[in-house]
Amino acid sequence: MVCARLRLQRIRNHFLRPHPIMSHPLPWLIPHQAFPPVETAWGPNDPIPGLLAAGGTLDAAHLRIAYSQGIFPWFSEGQPTLWWSPDPRMVLQTSQFRLHRSLRKTLQRFRATPGCEIRIDSAFETVMQHCAQTVRHDQDGTWIVQEILDAYTDLHHQGAAHSVETWVDGRLVGGLYCVALGRAVFGESMFAHATDASKIALAALVALCRHQGAAQIDCQQATQHLASLGAREMPRARFLQTVAEQSQLPPMRWQFENVYWDALLPPSGEAGDTSPAAASTP
């Protein structure tokens with residue numbers, strides 16, 4: 001996929017001057033209108049692959065519906081709400097998380113250092129705000145606009161959006177937020193104000209998911225960084241099948257215990273990490 005900056009620039013250009021080559025016009029939804037079938041999302045020969053529709057209603061209720069159907073919102077300030085369903089879909093199987101040697105050492109130090117802790121949902125809105133303010137090399141501005149902040153905060157209050165937070169000496173230094181329906185987990189965005197702080201939060205989410213029996217984390221779009229951590233592309237049809245299955249399972253218990261690190265790290269006092277994923281990493 002093209003980088004976020006180029007993709008959003010194409011969207012801006014398309015709204016100004018419709019592209020002559022497309023399989024069908026982009027659906028514009030009226031408020032509360034149902035989403036079109038994901039199979040109608042623009043494909044590789046259309047101007048913007050993965051784009052499903054524009055407009056509609058962006059609130060917690062429609063976010064629940066969207067995620068259950070493999071759809072997510074992504075747009076910039078000044079654009080209408082844009083709904084996406086890429087094919088293929090970037091997905092991290094929690095059993096395939098690649099814990100590289102340097103990150104493994106970082107997690108071991110973090111686990112053993114007083115004042116270092118993982119918190120869940122203690123500062124959800126702050127995490128979203130930090131994610132919105134993070135400067136990214138492949139993106140102009142932020143897609144976490146006020147409408148996104150409001151809708152996901154409401155979803156959090158309903159228990160379906162969560163933050164995983166990296167704290168050091170009482171200071172929030174990194175984290176991520178995600179959506180969860182049953183045991184279907186959808187990653188959204190990360191930030192770091194200290195080296196590897198966002199990776200620590202992601203590793204904590206993986207450990208939590210392994211402990212709670214959540215098999216995968218949706219990463220939405222392919223990047224080299226996600227691929228280096230073990231994420232792989234999955235056909236959309238297969239992804240939708242897994243979402244349907246996992247969203248029907250009982251909700252996860254969103255609380256992190258230090259013992260969950262054992263899913264990634266050896267128990268204290270043992271040398272090395274003998275997990276298959278770790279053994280295959282450089």
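Just so it is clear, the structure is predicted and the values come from calculations on it, not from any experiment.
Interatomic distance, CH2 of W261 versus NE2 of H211, reported as 14.0 Å (0.5 Å rounding). The distance from atom SG of C209 to atom CD of Q93, rounded to the nearest 0.5 Å, is 11.0 Å. To the nearest 0.5 Å, the span separating CG on D46 from NE2 on H24 amounts to 6.5 Å. The distance from atom CG of L82 to atom OG of S76, rounded to the nearest 0.5 Å, is 8.5 Å. The CZ atom of R232 sits 8.0 Å away from the CD atom of Q96 when rounded to the nearest 0.5 Å. Taken to the nearest 0.5 Å, the CH2 atom of W167 stands 10.0 Å off from the CZ atom of R171.
R236 places no side-chain N or O within 3.5 Å of a backbone atom of P88 that could act as its donor or acceptor partner. Under a 3.5 Å cut-off, the side chain of W83 and the backbone N or O of G55 do form a donor-acceptor pair. Remark: side-chain polar atoms of S85 are paired, donor with acceptor, to backbone N or O of G70 under 3.5 angstrom. A donor-acceptor contact shorter than 3.5 Å links the side chain of T94 to the backbone of A214. Under the 3.5 Å distance criterion, the side-chain polar atoms of T223 are matched with a main-chain donor or acceptor of L226. In this structure, R64 contributes its side chain and L155 its backbone to no donor-acceptor pair below 3.5 Å. A donor-acceptor pair under 3.5 Å is absent between the side-chain atoms of E125 and the main chain of T153, judged by distance alone. At least one donor-acceptor pair closer than 3.5 Å links the side chain of Q212 to the backbone N or O of R253. Under a 3.5 Å cut-off, the side chain of D218 and the backbone N or O of G187 do not form any donor-acceptor pair. Judged by distance alone, the side chain of H130 and the main-chain N or O of L172 form no donor-acceptor pair under 3.5 Å.
Side-chain contact check for Q146 and E77: no donor-acceptor pair (N or O, by modelled atom type) lies under 3.5 Å. Q255 and E257 are linked by a side-chain donor-acceptor pair at a separation below 3.5 angstrom, with hydrogens and angles left out of the test. Under the 3.5 Å distance criterion, with hydrogens and angles disregarded, a donor-acceptor pair is assigned to the side chains of S163 and E165. Between the side chains of D154 and Q158, no donor-acceptor pair of N or O atoms lies under 3.5 Å. Inspection of the E147 and T81 side chains reveals no N or O donor paired with an N or O acceptor under 3.5 Å.
Between L265 and R111, the closest side-chain pair of non-hydrogen atoms falls below 4.5 Å. In this structure the side chain of P73 never reaches within 4.5 angstrom of the side chain of W143, judged on heavy atoms. Side-chain contact between I217 and L205 is present, with at least one heavy-atom pair separated by less than 4.5 Å. Counting only heavy atoms from C-beta outward, the side chains of K105 and S102 never approach each other to under 4.5 Å. Within the 4.5 Å cutoff, the side chain of F72 has no heavy atoms near those of the L63 side chain. Within the 4.5 Å cutoff, side-chain heavy atoms of L202 are placed close to those of L176. Contact check for L240 versus Q69: no side-chain heavy atoms found under the 4.5 Å cut-off. Contact of the L103 side chain with the F97 side chain is registered, since non-hydrogen atoms from C-beta on lie closer than 4.5 Å.
Smallest separation of non-hydrogen atoms from H62 and F35: O-CE1, 3.8 Å. For the pair G50 and A41, the tightest heavy-atom approach, listed with the atom from each and the gap, is O-CB, 4.0 Å. The two atoms that bring A161 and Y152 nearest to each other are CB-O, 3.9 Å, heavy atoms only. Nearest approach of L52 to P37, heavy atoms of both residues: CD1-O, 3.4 Å. Between P44 and P49, the shortest heavy-atom distance links the atoms CA-CG, 4.0 Å. Nearest heavy atom pair, residue W254 against residue C178, reads CH2-SG, 3.7 Å.
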Query raised in the report: Checking side-chain contact (heavy atoms from CB on, under 4.5 Å) for the pair Y177/F191: CA distance, chi angles, key distance, verdict?
Result: CA-CA 9 Å; Y177 72 97; F191 82 94; over 6 Å; no

Query raised in the report: Going through the checks in order, is the side-chain contact (heavy atoms from CB on, under 4.5 Å) test met by Q216 and V185?
Result: CA-CA 7 Å; Q216 66 184 35; V185 179; over 6 Å; no

Report task. Carefully, step by step, assess I200 and L107 under the rule side-chain contact (heavy atoms from CB on, under 4.5 Å). Result -> CA-CA 7 Å; I200 292 171; L107 293 180; 3.9 Å; yes

**Report entry** Intermediate values then yes/no, side-chain contact (heavy atoms from CB on, under 4.5 Å), M128 and I148
**Finding:** CA-CA 9 Å; M128 281 202 70; I148 290 286; 3.9 Å; yes

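Separation of the W84 and F75 ring centroids does not fall under the 6.0 Å cut-off.
Between R210 and D262 no salt bridge is recorded (no basic side-chain N to carboxylate O distance below 4.0 Å).
The aromatic rings of F186 and F239 sit perpendicular, their planes meeting at an angle over 60°, well past the 30° parallel limit.
Note on V259: it clusters hydrophobically with L99, by side-chain heavy-atom contacts below 4.5 Å among ILVMFWY residues. In the hydrophobic cluster analysis, where Ile, Leu, Val, Met, Phe, Trp and Tyr join through side-chain heavy atoms closer than 4.5 angstrom, V206 is grouped apart from L249. Note: the hydrophobic cluster containing W42 does not contain M90 (ILVMFWY, side chain heavy atoms under 4.5 Å, direct or indirect links).
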